[in-house]
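The structure appears below as structure tokens.
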Amino acid sequence: MSFFDSLVVSIFCIALVFFVLISLFALIALFSKVLAAAAAKPGKTSVQVAQTAMQPEAVPQNMEGPDLSTGKLKLKGVDEKTAAMIMAIVSHESSIPLSELRFKSIRAIEEK
Amino acid sequence: MSFFDSLVVSIFCIALVFFVLISLFALIALFSKVLAAAAAKPGKTSVQVAQTAMQPEAVPQNMEGPDLSTGKLKLKGVDEKTAAMIMAIVSHESSIPLSELRFKSIRAIEEK
Amino acid sequence: MSFFDSLVVSIFCIALVFFVLISLFALIALFSKVLAAAAAKPGKTSVQVAQTAMQPEAVPQNMEGPDLSTGKLKLKGVDEKTAAMIMAIVSHESSIPLSELRFKSIRAIEEK
Amino acid sequence: MFIDALKTIWFDSGFAALSWQHLVMIVIACVLIYLAIVKKFEPLLLLTIAFGVLLANLPLSGLMKEEVGSEAGGLLYYLYLGVKKGIYPSLIFLGVGAMTDFGPLISRPSSLFLGAAAQFGIFIAFIIAGLFGFSPQEASSIGIIGGADGPTAIYTTARLAPHLLSAIAIAAYSYMALIPIIQPPIMRLLTTEKERKVKMEQMREVSKLEKICFPIVVTIFCVLLLPSVAPLIGMLMLGNLFRESGVVERLSDTAQNALMNIVTIFLGITVGATANAENFLKLETLAIIALGLVAFMFSTVGGLLLGKLMYKLSGGKINPLIGSAGVSAVPMAARVSQVEGQKANPSNFLLMHAMGPNVAGVIGSAVAAGILMALFG
Amino acid sequence: MFIDALKTIWFDSGFAALSWQHLVMIVIACVLIYLAIVKKFEPLLLLTIAFGVLLANLPLSGLMKEEVGSEAGGLLYYLYLGVKKGIYPSLIFLGVGAMTDFGPLISRPSSLFLGAAAQFGIFIAFIIAGLFGFSPQEASSIGIIGGADGPTAIYTTARLAPHLLSAIAIAAYSYMALIPIIQPPIMRLLTTEKERKVKMEQMREVSKLEKICFPIVVTIFCVLLLPSVAPLIGMLMLGNLFRESGVVERLSDTAQNALMNIVTIFLGITVGATANAENFLKLETLAIIALGLVAFMFSTVGGLLLGKLMYKLSGGKINPLIGSAGVSAVPMAARVSQVEGQKANPSNFLLMHAMGPNVAGVIGSAVAAGILMALFG
Amino acid sequence: MFIDALKTIWFDSGFAALSWQHLVMIVIACVLIYLAIVKKFEPLLLLTIAFGVLLANLPLSGLMKEEVGSEAGGLLYYLYLGVKKGIYPSLIFLGVGAMTDFGPLISRPSSLFLGAAAQFGIFIAFIIAGLFGFSPQEASSIGIIGGADGPTAIYTTARLAPHLLSAIAIAAYSYMALIPIIQPPIMRLLTTEKERKVKMEQMREVSKLEKICFPIVVTIFCVLLLPSVAPLIGMLMLGNLFRESGVVERLSDTAQNALMNIVTIFLGITVGATANAENFLKLETLAIIALGLVAFMFSTVGGLLLGKLMYKLSGGKINPLIGSAGVSAVPMAARVSQVEGQKANPSNFLLMHAMGPNVAGVIGSAVAAGILMALFG
Ligand code: NA
Ligand code: NA
Ligand code: NA
């Protein structure tokens, strides 16, 4: 492959790389706008409700492939500071060292 | 395959499914009785003792494939009832539902 | 294979096993001495510093193949209660929630 | 010249080869992804399958290209070998076994009757599929959707009718996710308020020894009687033995997690990747989807009817609602029994009672699959 | 007789077959181990590769011996099949995808321009390699070092120029580790103090829905346009979908950990094991190492220059230092941008801004690799 | 007609093909399961092997059926390929290496002499097996039981005498579990009370640098001298390097857990599955079991005798009880030394001293295996 060929190929390739990534830019920008527009409208609640009905609370032990993510703590409606405090309190109250407790998620109990 | 053939095959198959599962029923019922009868007699203690002798406490670190079971609760010096109570208390005190708490082990703090 | 052949092969083999392991003994003894001699000289600090410079503190979450060791906390010379306390204090002092802190091991600093 | 080069790239790109069939398949893949993520339809499998469908319908990627001679095949071709050779479903069953507590079944072994009756739909669908002109192999694979057990359906189909694999897998997992919608109307239709209110007696405790013997006995008996079911029942029971023996927690843990997840990823994406437009966009697929629903419904009916019979024979001690849990779809179907029981009688707690038929249904489907493979394999 | 036996053992041992080339390779292996452990040069890969180099150069071990007929091959021969068939790099990308947060990229999609510009070095190295007499396939593989992305480099080289695999892999991972030394001088040379001081505006929050759609859209578009890139982009995006969907944490976790680690071990040791003395101790290898550095430097230059252009076009809102992060080398290059930015302006915090180009660079390198494979594969 | 169909099912079922040999094998499998679970005989391997024995002796399951042409083979046939090609034992050694602390060995390298002496039984068994008419390949495999190291025994046997695989694996793991019963009488017989009371000096601390250099040096030397041992020693030392380097904890963790457990499951079940009645129910098997015991006993003797010699040469500083730990069977044999030492002198704590010979024994058996494979492979 001559130098000139290499050069042409290279220019072509880098142009193509730009073309693909610019197209992706356009796609993402477009999608973000479409999704933002869609999000403006409400209407997801009915789905949520149906979903909840489908998952009764009682979960038989060990049957469902328990969530075994490595030690991620999910916080719902609680900030991280509060969560740390809760964990420390639980540990103290129960005399169980924190290293032995595993918290899967901490969520605020909504008052109704 | 004609409809009649399908029908015959199906009846045969479902009958066979029932036959296998009923046989399993009989086997399990039988085994449960045999085992219950066997359990009535004592005599396992000698085995236990020998077993214990074979496993001195001193275990070199990291040599034995550490127990890495996920989410089994190890109780040390605590019976299961107490453990259940502790877990309920922790859950109540912390307002964290039990299904969200994960206890790795509960052990009695020995007073020295 | 005749008995005599077996015997000769066996003697040869066990001799060879000894030869290999004795050679290893010599190698290890030699290496230990060389390394001990090398360790007597200082001079590693510059490397350490360069190393530190190469790893700025800010680590983007989840980008680096986070250390996902299975959550075992190694305690050396510290009981678990103390460890829990230490962890709670560190968390409080640093205002870093416990869920974000990862303790790999806690060991007593021996006073010399 | 640049224009020429761009043309070449264009004509070598998938855009030029894209047909409306591909577009339809891509839309189907997106719908499946939506169902998996938003509706939480068995996402572990369905999300992965859906992505496989997507990849397989972006033309010219060669992901499923067979290895020929010294020329390397596509990535998914290699990963698919585990499906083709029947390895993945067996390994998933190893993990399922390690996750399953057969205690409720051992405690009340009559659950097995319900686990047998709830295979009824398999054979209804088999008969109707025959009428539609499907071959016995195809009809068996379609029927097995009614077993409500993904790995069993995939194993059977990969053996008997691999060209239907993606349609059957998607139908099986989708209907399993739809159990809370499919079953309740049938349950209310076939049972009386009085039946649904029945509170069942507490089950006896099962000793550790019984739990250990169970997988061994089941393996010996089932594999002897139906050798073709050995990979499924054998691995299921080995996993359960890992669990119950209590001495190999390391292996039990790995079977349930690392190994099962790896295999699930490989299985899902390659099963999805068999859904190329030529295979999938056929009337057959619609027939499969319809027959799958029929199979699920009649399996539910079978379980409930035998439940009613047991209700009568036991003098009202058995709540027939636990019968529908015999379709397997562990643990979803048992939860549905629980919910329906509680609706009729708020103090009713059927879950553990329904777990017996539920896990019996896993064995039942595997046995049915073994019989069909023995007949038509 | 013992003497004879010992002689036999000696002549069958590796000592007798040891050449000075082997010794040089062993020393190289030890240096790489030193770099991996003490200097922490990408130790996950480089330590494993180095041990592979060591094993491959202890003569007569037969670890890479091919299977011929019924005679078993060597251990590393079997493990190497996953490299040869392109399976391992794709599976590593699955894990990388599950670890990567494309949020910063979605938030500011113009990062993609920087991710494109920072592939500049690939083509500079490609051209120079051509001048040095490397074939287009070899030149492509060498150039792709400048993509600063290990799995992409390994995948491309295994396809186009497998005899250069170890040299290219070692160069790629070494330079990725050296990013904090290679980039800063270039960054200071090409940017003004004023440019480096620019604080960037906070990025907008990205919704979960956008994050879920991103991998699907990118897969469809990229694979359609460049089918040859399907295994890399497809797996990267599947892993990311696992992550962002939030419904398959099990699979995401396994893709990032058990599966990725297993594959990393197998990949590293077998890539290292291709470095036998005959392949490696050549002037070519020195050329590759030199060209790899050139590629890294010009990729950095490319990213920075486009960064400067964006600085001007945006009226000074874009700090050009984030351009150099477009080479990928995730997350090292983004950290370098952060450090340099903070040196110029202690209150400057560029890290999250640099993560956009950084992850865009991964896509950029994969696209470049796809193009080169399409042209020369 | 139903009767006919039932007859067909019956004659196609395993019941019709069941012979008394199968029944004996099933009983043996159950006994092994009992030993694994209740007596806790190396359950990780023995439980899995036992289940493999069970599956292999339920007739007609076809689990070990070879792939012929386009017809798929059995599940265990595919999984067995990893044993046949020598892949699994090597990968287990990778995990063993990552679990092993060679510190005590480096601290007192004279432990290596004990690790050599405790291979004595291998050759005693080799000679006697020759007298019994076993071929040199078979005799080598039988002898290697005395190495008290499962993966080494399986690797060697799979290479030299695959038809003896299950018998040798079962014997090896069983005797390893029986170490606390086999060794103490021999230990008390060969040592005096005074010798057993010896308290050993505290060992020196080993630096991190020594621990890192150790696996590299051992690999280079052993593989150069005995190329055939490369897969075992190479992987063992790579695992140890993962551990000691401290920079690749991810890989070390996976090597010890996910990867090792997956391989253990596959290895165990398929090694067990080679135990079909024709292979296993032979006088040979009894001979192997007897010779395995002989091998274990003489290995213990060898270690103790050299321990006594070192006691004398060191002027009473070495407790000869640590010699028996040289058989490997990590860490069981070291614990036995500890227990016996403490019986003689309650303040005696030999465990860490015995770990040196214990891990040296692993290297010793691998070296012995390498020599035998070089001679007879
Ligand atoms: Na079922
Ligand atoms: Na890049
Ligand atoms: Na040994």
Side-chain angles (χ1 to χ4, degrees), chain D residues 5 8-10 12-18 22-23 26 29-30 33-34 36-48 50-52 54-64 67 70 72-79 254 256-266 268-269 273, chain E residues 81-82 84-91 93-95 98 155 158-159 208-209 212-213 215-217 219-235 237-239 241-242 244-255 257-263 370-371 374-375 377:
Chain D
T8 312
I9 284 284
W10 177 262
D12 288 353
S13 84
F15 283 111
L18 202 65
H22 290 127
L23 287 175
I26 292 171
C30 290
I33 291 174
Y34 169 80
I37 297 179
V38 179
K39 299 284 188 174
K40 299 206 174 58
F41 274 29
E42 298 280 334
L44 290 177
L45 261 298
L46 221 49
L47 180 63
T48 322
F51 205 84
L54 181 65
L55 285 178
N57 288 286
L58 300 171
L60 306 183
S61 75
L63 284 168
M64 286 293 273
E67 181 176 282
S70 70
L75 172 67
L76 299 185
Y77 163 77
Y78 292 113
L79 300 182
T254 295
Q256 287 173 54
N257 294 293
L259 179 55
M260 192 172 176
N261 293 343
I262 291 171
V263 171
T264 300
I265 294 172
F266 292 175
I269 194 164
Chain E
L81 291 176
K84 203 168 150 190
K85 313 288 191 191
I87 297 171
Y88 296 157
S90 308
L91 294 182
F93 255 36
L94 185 74
Y155 185 85
R159 284 280 152 108
K208 202 187 158 203
L209 186 55
I212 291 174
C213 290
I216 302 168
V217 169
T219 303
I220 294 175
F221 181 75
C222 287
V223 176
L224 274 179
L225 197 59
L226 289 166
S228 58
V229 92
L232 291 178
I233 291 285
M235 289 298 112
M237 292 301 151
L238 176 58
L241 187 60
F242 283 167
E244 301 301 349
S245 71
V247 292
V248 292
E249 272 180 48
R250 283 173 67 101
L251 302 186
S252 174
D253 175 43
T254 295
N257 294 293
L259 179 55
M260 191 171 177
N261 293 342
I262 292 172
V263 171
I371 296 169
L375 289 174

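These values consider heavy atoms only, across backbone and side chains, with no hydrogens, waters or symmetry-generated copies. Note on naming: letters A, B, ... go to the chains in the order of the sequence lines (proteins, then strands), and numbering restarts at 1 for each one. From a predicted model like this one, the values you see are computed outputs, not experimental measurements.
Minimum heavy-atom separation, Gly86(E) to Leu75(D): O-CD1, 4.3 Å. Between Thr254(E) and Asn257(D) the shortest heavy-atom distance is OG1-O, 4.4 Å. Nearest heavy-atom pair across Gln256(D) and Arg250(E) is O-NH2, 2.5 Å. Here the shortest heavy-atom pairing between Asp12(D) and Pro227(E) reads O-CG, 3.8 Å.
Heavy-atom distances place both the backbone and the side chain of Ile220(E) under 4.5 Å from chain D. In this structure, no portion of Tyr88(E) lies under 4.5 Å from any heavy atom of chain D. Looking at Met237(E), both its backbone and its side chain come within 4.5 Å of chain D, counting heavy atoms on both sides. For chain E, the nearby part of Phe51(D) is the side chain; its heavy atoms alone come within less than 4.5 Å. Of the two parts of Ile262(D), the backbone and the side chain both hold a non-hydrogen atom closer than 4.5 Å to a non-hydrogen atom of chain E. Contacts between Ser245(E) and chain D at a heavy-atom distance below 4.5 Å involve backbone atoms as well as side-chain atoms. Only the side chain of Ile269(D) comes within contact range of chain E, with at least one heavy atom under 4.5 Å from a heavy atom of that chain. Residue contact with chain E, scored on non-hydrogen atoms closer than 4.5 Å, involves the backbone and the side chain of Ile37(D) alike. With a threshold of 4.5 angstrom between heavy atoms, Leu60(D) approaches chain E through its backbone and through its side chain. Only the backbone of Ala36(D) comes within contact range of chain E, with at least one heavy atom under 4.5 Å from a heavy atom of that chain.
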(request) Check step by step if side-chain contact (heavy atoms from CB on, under 4.5 Å) holds for Ile216(E) and Cys30(D). (result) CA-CA 8 Å; Ile216(E) 302 168; Cys30(D) 290; 4.2 Å; yes
(message) side-chain contact (heavy atoms from CB on, under 4.5 Å), that's the test. Do Leu81(E) and Tyr78(D) meet it? Break it down for me.
(response) CA-CA 11 Å; Leu81(E) 291 176; Tyr78(D) 292 113; over 6 Å; no
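Annotation: the span from Leu91(E) atom CG to Phe266(D) atom CZ amounts to 4.5 Å, rounded to 0.5 Å.
Chosen from Ala255(E), Gly234(E), Ala258(E), Ala374(E), the residue pairing most often with chain D at heavy-atom distances under 4.5 Å is Gly234(E). When Thr264(D), Leu76(D), Leu47(D) are compared by the number of non-hydrogen pairs under 4.5 Å with chain E, Leu47(D) comes out ahead. Your options are Leu226(E), Val229(E), Leu225(E), and the one with the most heavy-atom pairs under 4.5 Å with chain D is Leu225(E). Contact count against chain D (heavy-atom pairs under 4.5 Å) is highest for Ser90(E) among Ser90(E), Ser228(E), Gly246(E).
Inter-residue side-chain proximity for Leu63(D) and Pro231(E) is flagged as met; some heavy-atom pair is nearer than 4.5 Å.
No donor-acceptor distance shorter than 3.5 angstrom exists from the side chain of Asn261(D) to the backbone of Leu251(E), with no hydrogens or angles considered.
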